[in-house]
There are 2 protein chains.
Amino acid sequence: MELDERKVKILQAIINNYLETGEPVGSRTISKYTDMGISSATIRNEMADLEELGLIVQPHTSSGRVPSDKGYRIYVDRLMKESKMDDPVFKEDLLTKVDKIDTLLQNIIKKLANNTNYATVVSTPQYQQTKLKHIKLIKLSEVKLVAVIVIEGDIVKNHIINITEEIDEERVEKINNLLNLNLTGLSLVDINLALIQSLKEQVGIYPDLLNSVLDAICETIQSSDEIQLYTSGATNILKYPDFSDIDKAVDILYTLEEKNILQELLLTTDTQYSKDIKIRIGNENSVEAMQECSVLTATYKLGDGLVGTIGIIGPKRMNYEKAVVNLKQAMFQMNEIFNNQLQITIKDNK
Amino acid sequence: MELDERKVKILQAIINNYLETGEPVGSRTISKYTDMGISSATIRNEMADLEELGLIVQPHTSSGRVPSDKGYRIYVDRLMKESKMDDPVFKEDLLTKVDKIDTLLQNIIKKLANNTNYATVVSTPQYQQTKLKHIKLIKLSEVKLVAVIVIEGDIVKNHIINITEEIDEERVEKINNLLNLNLTGLSLVDINLALIQSLKEQVGIYPDLLNSVLDAICETIQSSDEIQLYTSGATNILKYPDFSDIDKAVDILYTLEEKNILQELLLTTDTQYSKDIKIRIGNENSVEAMQECSVLTATYKLGDGLVGTIGIIGPKRMNYEKAVVNLKQAMFQMNEIFNNQLQITIKDNK
DNA sequence: TGTTAGCACTCATTGACGTTGAGTGCTAAC
DNA sequence: GTTAGCACTCAACGTCAATGAGTGCTAACA
């Protein structure tokens, strides 16, 4: 049996109606509220076919039909209207005070959650491809240093280093020069143990001290591609009758709280930058607790290879059009901000 | 009417029973399961008195009694057993890797939430009284500097400064010396606009540049006493039948998500360091959504005047003994870690 | 005077039962 | 291929009686 045009029309009518009311939709409703000019009996026949195709299901005999995951998939891929992004959803003022990138990300997803009434999530960007801009050791006391590491996008990391032997300002300065000479401009993946080893051998001075310093830098670099996840609007989940079963709601909220599970959920697909929005519906999600949800993700870009993810999580019976438009809006504006930011940085580097 | 010893005993029995079962407790239960040797009828009389005193309430006529907020208060103040802190609740390994204080705090409340099955919250310490240990400007490019600010407890903050005129390394070094000479050792409240003004006048060199730098430092300092709040185990709230009314649960979870409301809830009492645990029960809480909850808070200390708050949030029908013991444990161990940390720091400074 | 047994009363909870109504699948006629 | 008609299903709802845990009150007792 094939999915002819009339069946598609009926499927669309079912999904539209279900998205609106949340009630299983019956044949009579469709025949009445669409202008297809066919009777409910005919629609019943077609619905039986659609069910056989796996696109709709009956919660129980003698109830109306509800879209299946597969049905939603067809809706999302082929039937959904792409609304235009006319009105800027985000107020500028939220986005201009970029003193700290994490705060900015949190503000954005909070706004996104408020606008959509779904839960939202964002990951900090991954730094692996980013170039190191500057390293500086600062002497705090005789046996304590701070390593300040600046990477592309002007993100600053620091790490306390406890050293075993005393060191004077002059030596610190020498090491600073050495490090900057050898390491700046490299991407973080290039600064691997091998390179550091050769650096250790290459210069014979203060081997022990250099050891601790380099180890600490290594550690900092490794720890800096730990992704942070922030969520917002988690309580929105409880607003939807789809999750009136508390246990389901708890599973979902728990997943939102446990960042490692959440990360698994977000990053199952490739983390390549893409202009498209990815939608995973129900059992398309890898995490079991989320198989009653739909997850929309987009990527944002903060310089070369510096990619993060932003997403919306809601019930499968979600207003996909609204969610998509809001997410695109967010992605678009984030890229705009970060690109402006980057342009300044690049200009500065000349 | 006064609260004689027998009434207290009955109150205790009611509360113990209610904490255990969650069901309103009747006179017959009390007479059976205590060794007071009085009949249910007598207990009924006493219960009527306790009700008149406002210590217990009936959810409806012909049901058993439930403790009122006032009843819990007496329980907490006078009747509750102080269990000893025998077993160390926190694994050492969680607490040793202190590379970043925020991560440490998050680990602690996560553990605390797991141990107690309640929601937990922690505030980052307030820095107002802390002494500045070190300031260093690092030149990133011709028009961009990073200000690295180290305060007591080896907490490092940084701030990007965009400057209008170019500057060479030598000048940066001079400003560094100037800043350290004049500002280190002062507490953050001492570094006010007045002092900075006088500093600006005192030294005539590069006034414009110094302006931007000092402004940025000022801003950093001001922003560094913004309190961050972290929560954990929020979903635990949904486990308790006390919040089976979804709307109540939503209110509570929402409060946990909205950090500014949460802060109001935590910090209504003085933020002075204290060895005691504060307990606020039901309507003793300032935030309306939380008047079905009990909130336990403790303070931890990270150096002179560097005080933060850690707390447990659960239903009024909470296992107070367990919560108190866990919170004390957490407070104790945090203070231990931070004190060790501090001792090293202080030793280093000599 | 405090304690207790007894009794009538209250009220949330539970389960059985019938009604309703929205919906279906199937069949036969168009 | 479409449709009208019909028997059937089943969740949802309201009613009703039974149950039982609990109370307050009264009168008798020590």
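Numbered from 1 within each chain, the chains take letters A, B, ... in sequence-line order. Only heavy atoms go into these numbers, but all of them, side chains included; no hydrogens, no water, no symmetry mates.
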_Please report the distance, rounded to the nearest Å, between CD1 in B/I56 and C1' in D/dT23._
12 Å
*Among C/dT4, D/dC10, D/dA21, which is the nearest nucleotide to the side chain of B/S62?*
D/dA21
*More 5' along DNA chain C: A/P24 or A/A41, using each one's nearest nucleotide?*
A/P24
*asked:* Quick check on C/dA12: is either OP1 or OP2 less than 4.0 Å from any side-chain nitrogen or oxygen of B/S63?
replied: no
*Could you tell me which residues satisfy side-chain contact (heavy atoms from CB on, under 4.5 Å) with A/T235, sequence neighbours excluded, listed by chain and number?*
B/L253, B/Y254, B/E257
*Would you indicate which nucleotide in D/dT2, D/dT3, C/dT24 comes nearest to any side-chain atom of A/R65?*
C/dT24
_How many whole angstroms separate atom CZ of A/R44 from atom C1' of D/dT2?_
12 Å
*Hey, is the main chain of B/C293 close enough, under 3.5 Å, to the side chain of B/N285 for a donor-acceptor pair?*
yes
*Rounded to whole angstrom units, what separation is found between the CD atom of B/E46 and the C1' atom of C/dT3?*
11 Å
*Rounded off to whole Å, could you give me the CD-to-P distance for the B/E23 and D/dA21 pair?*
12 Å
*Write down the distance between NZ (A/K7) and C1' (D/dT2), rounded to a whole number of angstrom.*
13 Å
_Main chain of A/T120, side chain of A/K110: is a donor-acceptor contact present, judged purely on distance under 3.5 Å?_
no
*Let me know the distance between CE of A/M36 and P of D/dG1, rounded to the nearest Å.*
16 Å
*Can you find a side-chain donor-acceptor pair between B/Y320 and B/S294 that sits under 3.5 Å?*
yes
*Between P of C/dT3 and CE of B/M47, the distance in whole Å*: 16 Å
*Partner of C/dT27 by Watson-Crick or G-U wobble geometry, both contacts under 3.5 Å, or none?*
D/dA4
*Out of C/dA12, C/dG25, D/dT23, which has the shortest distance to the side chain of B/H60?*
C/dA12
*Round to a whole Å and report the spacing from CD of B/E51 to P of D/dG24.*
7 Å
*Kindly say if A/R28 contacts the phosphate of C/dG21, meaning a side-chain N or O under 4.0 Å from OP1 or OP2.*
no
*asked:* Can you see if the side chain of B/S27 gets near the phosphate of D/dT23 - specifically, an N or O under 4.0 Å from OP1 or OP2?
replied: yes
*Less than 4.0 Å between a side-chain N and a carboxylate O, is that true for A/K7 and A/D4?*
yes
*Of all the nucleotides listed (C/dA5, D/dC10, C/dT24), which has the minimum atom distance to the side chain of A/T61?*
D/dC10
